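What you see is a predicted model; the values in this text were computed from it and never measured.
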Amino acid sequence: MSPAPARRMIAVMVLIPVVVALALWAFAWPAARTAPRDLPVGVAGPAAAAAAVEDGLTRHAGAFDVHRFDDGAAARDAIEDRVVYGAVVVGAQGTELLVAPAASPVVAQLLREAVTAGAPADAPVRVTEVVSLPEGDPRGSALAASVLPIALAGVAAGALVTLSGLRGARAGVTLLGAAALVGLTATALTHSWLGVLDGDWWAEAGALGLTVLAVGSAVAGLAALLGTPGVGLGALLMVLIGNPFSGAASAPELLPEPAGALGQWLPPGAGASLLRSVAYFDGRASGGAALTLTLWVVLGFTAVLAGARLRARTGTTPPQPEHPAPAPASAPAA
């Protein structure tokens with residue numbers, strides 16, 4: 001056996017375990033280390049009573065980031081604006097826990113357990129859902145499950161544009177059209193058919209389409225700069241890293257650092273946050289996620305255009321004639 005095939009065989013045998021180890025690390029590590037880390041929660045009520053609640057929440061250092069509010073109305077507004085995930089309101093009528101399962105069902109359950117566990121038996125804590133999940137998805141699992149298909153759709157769009165030989169403006173138009181159609185199709189399925197989203201229809205379609213466009217343009221841009229290996233690198237970044245680090249199944253503040261912060265800078269995490277805002281919170285707190293996705297689109301399109309110009313200058317992609325040259329006339333028979 002010649003040295004070249006032997007090296008390829010060894011490379012394949014080593015590469016597969018490395019990819020498996022990376023996938024297990026990316027998916028299993030955040031799941032195994034799920035815990036609150038500076039989780040924003042609110043406390044409202046008289047100063048003495050609110051201070052006692054705050055002391056109880058901050059007993060575990062670094063678990064909660066406590067925000068103080070004057071009353072329950074202000075705490076509700078903060079939950080609806082996605083400033084905090086929930087709030088403990090202390091008043092003459094007892095203690096009330098305000099939660100928003102639409103922001104994160106996992107966080108809502110965590111707050112229920114943390115606040116109600118220490119309550120005296122003769123003074124139970126009342127739990128009120130400020131922003132509930134739709135009836136079609138009472139556990140919030142559908143939105144979390146949508147992250148991977150949307151990321152795969154973006155990777156497929158970027159890969160197909162690259163493998164089809166589309167360059168420059170043609171690649172950009174194709175990515176834009178594919179993302180728009182995916183957004184419309186996904187919204188028709190999740191909102192109109194399954195009923196798992198209940199926000200503005202067109203805003204949801206825009207959020208899904210923008211996420212696909214961000215992923216697809218990033219993959220196509222990497223491929224334009226690096227060649228075919230760029231597709232693999234883009235898929236690795238968006239699927240094996242971006243999907244488990246998105247925090248869609250729990251919350252970014254429940255993931256170990258730097259996974260929680262990194263996930264929100266990648267299109268799958270930013271897309272999940274944007275979709276949650278437009279689907280359940282009337283678009284509140286959606287600006288940061290929308291800006292992140294837009295930056296990925298701009299960088300991806302810039303790389304696609306730059307890669308096309310670079311290849312044209314170096315002659316690696318010679319221009320193809322628009323019309324085939326006419327075949328030479330056959331010589332007359334003798």
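Here CH2 of W265 is found 5.0 Å from OG1 of T292. Values are rounded to the nearest 0.5 Å. R276 CZ to S104 OG: the interatomic distance, rounded to the nearest 0.5 Å, is 6.0 Å. The CG atom of D282 sits 10.5 Å away from the CG atom of D81 when rounded to the nearest 0.5 Å. From W201, atom CH2 reaches atom OG1 of T190 across 8.5 Å, with rounding to the nearest 0.5 Å. We find the CE-CG distance between M238 and L222 to be 7.0 Å, quoted to the nearest 0.5 Å. For the atom pair OG (S246) and CD (Q264), the distance works out to 7.5 Å, reported to the nearest 0.5 Å.
Smallest separation of non-hydrogen atoms from L255 and S250: CD2-OG, 4.0 Å. The heavy-atom pair separating V196 from P134 by the smallest distance is O-CG, 3.3 Å. What you find for A142 and D137 is that their closest heavy atoms are N-OD2, 3.1 Å. For the residue pair L208 and G183, the shortest heavy atom distance occurs at CB-CA, 4.1 Å. Residues A186 and I150 share a closest heavy-atom pair of CB-CD1, 4.4 Å. Heavy-atom minimum distance, V182 versus A153: CG1-CB, 4.3 Å.
Linking ILVMFWY residues whenever their side-chain heavy atoms come closer than 4.5 Å, directly or via other members, places V239 and L15 in the same cluster. V90 and V125 fall within the same hydrophobic cluster, defined by Ile, Leu, Val, Met, Phe, Trp and Tyr side-chain heavy atoms under 4.5 Å apart, directly or through other members. Hydrophobic cluster membership differs between L160 and F301, with clusters built from Ile, Leu, Val, Met, Phe, Trp and Tyr side chains linked at under 4.5 angstrom. Put simply, V147 and I241 are part of two different groups of oily side chains (I, L, V, M, F, W, Y) that touch within less than 4.5 Å, one to the next. Criterion: ILVMFWY side-chain heavy atoms under 4.5 Å apart, direct or through other members. Under it, L225 and V219 are not part of a common hydrophobic cluster.
Cluster partners of V298, using a side-chain heavy-atom cutoff of under 4.5 Å among ILVMFWY residues and allowing indirect links: none.
Counting heavy atoms of neighbouring residues, nucleotides and ligands inside a 6.0 Å radius, atom CZ of R284 exceeds 12 of them. In R126, the CZ atom is crowded: over 12 heavy atoms of neighbouring residues, nucleotides or ligands sit closer than 6.0 Å.
A 4.5 Å side-chain heavy-atom check between V107 and L39 finds at least one atom pair inside the cut-off. Between T95 and V89 the shortest side-chain heavy-atom distance does not fall below 4.5 Å. The shortest distance between side-chain heavy atoms of L233 and L226 falls below 4.5 Å. For the pair F64/D38, no side-chain contact is recorded, criterion being any heavy-atom separation below 4.5 Å from C-beta on. The shortest side-chain heavy-atom distance between V127 and R112 falls under the 4.5 Å cut-off. Residues L275 and T211 are not in side-chain contact: their nearest non-hydrogen atoms beyond the backbone lie 4.5 Å or more apart. Taking the side chain as every heavy atom from C-beta outward, E253 and Y85 approach each other to under 4.5 Å. Between L133 and P138 there is no side-chain heavy-atom pair separated by less than 4.5 Å.
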Audit row: L236, L22, side chain to side chain contact (heavy atoms under 4.5 Å, CB included) steps and yes/no: CA-CA 10 Å; L236 182 72; L22 178 62; 3.3 Å; yes
From CA spacing to verdict: side chain to side chain contact (heavy atoms under 4.5 Å, CB included), T187, L197: CA-CA 8 Å; T187 307; L197 303 178; 5.6 Å; no
Working for side chain to side chain contact (heavy atoms under 4.5 Å, CB included), residues W296 and L213: CA-CA 9 Å; W296 277 98; L213 185 60; over 6 Å; no
Side chain to side chain contact (heavy atoms under 4.5 Å, CB included) between T228 and T162, intermediate numbers included: CA-CA 8 Å; T228 304; T162 300; 5.5 Å; no
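T34 places a side-chain N or O within 3.5 Å of a backbone atom of A31 that can act as its donor or acceptor partner. Although no hydrogens or angles enter the test, the distance criterion places no donor-acceptor pair under 3.5 Å between the side chain of S164 and the main chain of V161.
The pair R76-E129 does not count as a salt bridge, with every side-chain nitrogen at least 4.0 angstrom from each carboxylate oxygen. Salt-bridge annotation for E257 and R37: absent, with no side-chain N of the basic residue lying under 4.0 Å from a carboxylate O of the acidic one.
Counting only residues at least two apart or in different chains, ring pair (Phe, Tyr, Trp, His ring centres under 6.0 Å) contacts with residues 13-56 comprise W25-W29, W25-F245.
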